[in-house]
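Remember, it's 1-based here, ligands and their atoms both numbered in the order they're listed.
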Amino acid sequence: MTSMNPANEHVRGESLFIDDWPKISGELVLGIISSPVACGEIQKLNLDKVVNSPGVVAVFTYQDFSNNFWGAINKDNPFLAEKQIHYAGQPIALVAAINKKALHNALPKAQLKIIEKPAVLSIQSAIEYDSFFQQTPEISSGNSKKAFNKAENTLAGEFFSAAQEHFYFETQATLAVPEEGGNLKLYSSSQHPTEVQHVCADALGLKYHQVVCEVKRMGGAFGGKESQASLFAALAALAAYKTGRPARLVLSREDDMTITGKRHPFYCRYKAAYSNKGKLLALQADLIADGGCYLDLSPAILQRALLHLDNAYYIANVQFSGKIAKTNTAPNTAFRGFGAPQGMAVIENVMEEIALKLGKDSAFIRAENFYGINTDNITPYGQKFTNNQLPKLFKQIIKSSDYKDRVKQIKHFNRDSKTHIKGIALTACKFGISFTSRFLNQGNALVNVHLDGTIQVSTGATDMGQGVNLKIQTLVAKSFGVLIDDVRLMTTSTEKNHNTSATAASSGSDINGSAALLACDKIKMRLSQLARQVFKHRQSNSKQSLDDLELHSDSLDKQCTLLDFKENKISNSDGDSITLLELLKIAYFNRVSLGDYAYYKTPDISFDRKSGTGSPFLYYTQGLSISEVIIDRFTGYVKPLRTDILMDLGRSINTTIDYGQISGGFIQGLGWVTTEALYYQQGKLLSNSLSAYKIPAMTDTPDIFNIELIENNDNTINVAGSKAVGEPPFPLALSVWCAIKNALSYGFNGDIPDLYIPATNEAVLLCQPKSKS
Ligand code: LUZ
Ligand code: MOS
């Protein structure tokens, strides 16, 4: 028995990823020669020995591209370095060989001489050398100056959050296959098949209709394959196009970690004004994102960071600004949350500090500052925050997590223990759903209904393990009233769905699910009209064959509404009904189309980057999290003891998928705030594999991990009343970071710990109070 639920195939190991596909006859294996230094100029590049190495078929440099520059926003990024080297790991040449052995034998034979130049390797050094990209977005509201002047209390500080590696299980990969007529087929592990199509065509001087990109699935992506998959697709495309042979590029883990960008490190200077009650009256924050050496998606990521500096809290007076540092590291890129977690970290840290300064409980300081329902509900950028579930979530989680009692127990524990120290914290998430670039909020879908009652659906959504296919499958099955197994999501391809956006911004199911449902409705409308004729025909006792009804468009009832599609039957309110199977047959013989295509664009959104105002988001996904940690005072070892998460996902389309996204997103966030640290030596990444880069293990997850959803049927503006889930759980892991800060403050007798992200065990062990550092 086959099941259309992809999870079964994944678990059985039957799902094919790019590297699993059987070798095609004549196929070439590709490898990259990259820069060992972070900054410099190529003085000599001699590839003769590589070319002559046994089994090598071709070697390529930047000169082989028709157009060597690409980029998601600015085309400032060379596929292969020309003369200037901007980061350690930058691709310089591409080698195509008959097999892996020949490839690995040949790669070290390149003779490369680079004159090194001083490198800018951190935000601090970018400030020193004034190395920045041009974009400088701002958001402001109220009158900060006045608010600071008359505030009862102020605090100021700086905050830093570091880079994070995506660590998708499947590394960047593309199989490029030349087709007749000089056309190209690309099988890519990409969140953005349309961009792969465009980037590869531009690179080779092809027209867009000559290139088709297919994405069956990815083994994880997390934003790392939103823009940067295109680079590797272009390299594979080049080799296939130039040699006329299929070519596959699958990065080793070390190459992947070295060559690709990470989550942006952010540096922030902040100043907060607050009342004696702990109400935040004004916040000033200047962000600097480390963009790396090319622009990539940095402006959009910085924008989202600024749009989430408020997080769940109403602040009447705001002054936010941002800059993008240009450094000699890999171009940093999209990563689950897309700058929002970095922005939220700043204000969650401020909340923790206000509580410490006032000697109050930080969870209740936060509740004091939540956005209001009828008042205090305008964000600093002017969007009204509707469907606010925060007070409800707060009341419920404080109770269900037994928060107040546990705070008391923790105080006792910390008074008595000589070896360990505990902490607890609640943090919030209000995550804006929609791409902040309005034009990206569009999608299209193709739905084909077959005569046995099964349905094939094609959209621009790519499945990276997040379950977007299963969600769309569920939506379509419900819409037609058929079993989930009778709906199948087809491989994503630019040949079926055009000009799609990346599956990103948590909006894959929203946009593509909406488009799919619109296509379903078009078909259902025709079937409803036909069914009405069938019911009429039955009543008239006509001798005319049902295969000969002929549905004339001019005889269609303009007022026609959809009939009820349920349990493989179509029925009207009078009790007439017909099975779907019967109706499909009648439709076919009467030449009524059983397939359709639809287009969806997210309504009512707009944002003006210049003024930093507008309503960029269709709605907000919200959640709260409470985490408790225990720290070993002698080793700095941090163990999360318990986490409670309570989220509002509207009317969940598939709760199993949503629980998976919440737990996975939270644990990935946990890695960002605690264990994951990248180590470099003169710009060269040392921690380039799992032996040196620590993503959370089973033992790092909370011993008790409770995830709950509230009931919320009011988000009618989005597909099936649901809310997006992909990114919002990630920043909830800030509750763990804040719990660590809370624990350390007990050790410092209430002094503010000088702690940043990640709070690795080493950082925790070495942490000092701010007053002393
Ligand atoms: N990508 C993008 C994103 O281009 N714009 C966005 O606003 C966004 N947000 C989250 C993740 N990816
Ligand atoms: Mo993204 S960070 O690819 O939604």
Report the part of Arg304 (side chain from C-beta onward, or backbone N, CA, C, O) that has a heavy atom under 4.0 Å from ligand 1; answer both or neither where that applies. side chain
Does any donor atom in the side chain of Ser189 or Glu170 lie under 3.5 Å from an acceptor atom in the other side chain? yes
Quick one: look at Ala505 and ligand 1, take heavy-atom pairs under 4.0 Å, and tell me if it's side chain, backbone, both or neither. both
So is Glu226 close enough to ligand 1, meaning a heavy atom under 4.0 angstrom away? yes
Please determine, by modelled atom types, if Lys723 and Asn387 share a side-chain donor-acceptor pair under 3.5 angstrom. yes
Check this for me: does any side-chain nitrogen of one of Arg336 and Glu727 sit under 4.0 Å from a carboxylate oxygen of the other? no
Per-atom contacts, ligand 1 versus Leu440 - under 4.0 Å to a heavy atom: 4 (O)
Under 4.0 Å from a heavy atom of Ala504: which atoms of ligand 1 are those, numbered in the order shown and with their elements? 12 (N)
For ligand 1, is any non-hydrogen atom under 4.0 Å from Phe435's backbone (N, CA, C, O), its side chain (CB onward), both, or neither? both
For residues 463-474, which residue pairs pass the salt bridge (charged side-chain N to carboxylate O under 4.0 Å, His left out) check, not counting sequence neighbours? Lys471-Asp658
Do any nitrogen or oxygen atoms of Ser437 lie less than 3.5 angstrom from nitrogen or oxygen atoms of ligand 1? no
Selection residues 288-311 - residue pairs positive for ring-ring contact (aromatic ring centres under 6.0 Å, His included), sequence neighbours left out: His86-Tyr294, His308-Phe431, His308-Phe617
Determine whether any heavy atom of Glu727 lies closer than 4.0 Å to an atom of ligand 1. yes
Suppose we call two aromatic rings close when their centres sit under 6.0 Å apart. Are Trp672 and Phe335 close by that rule? no
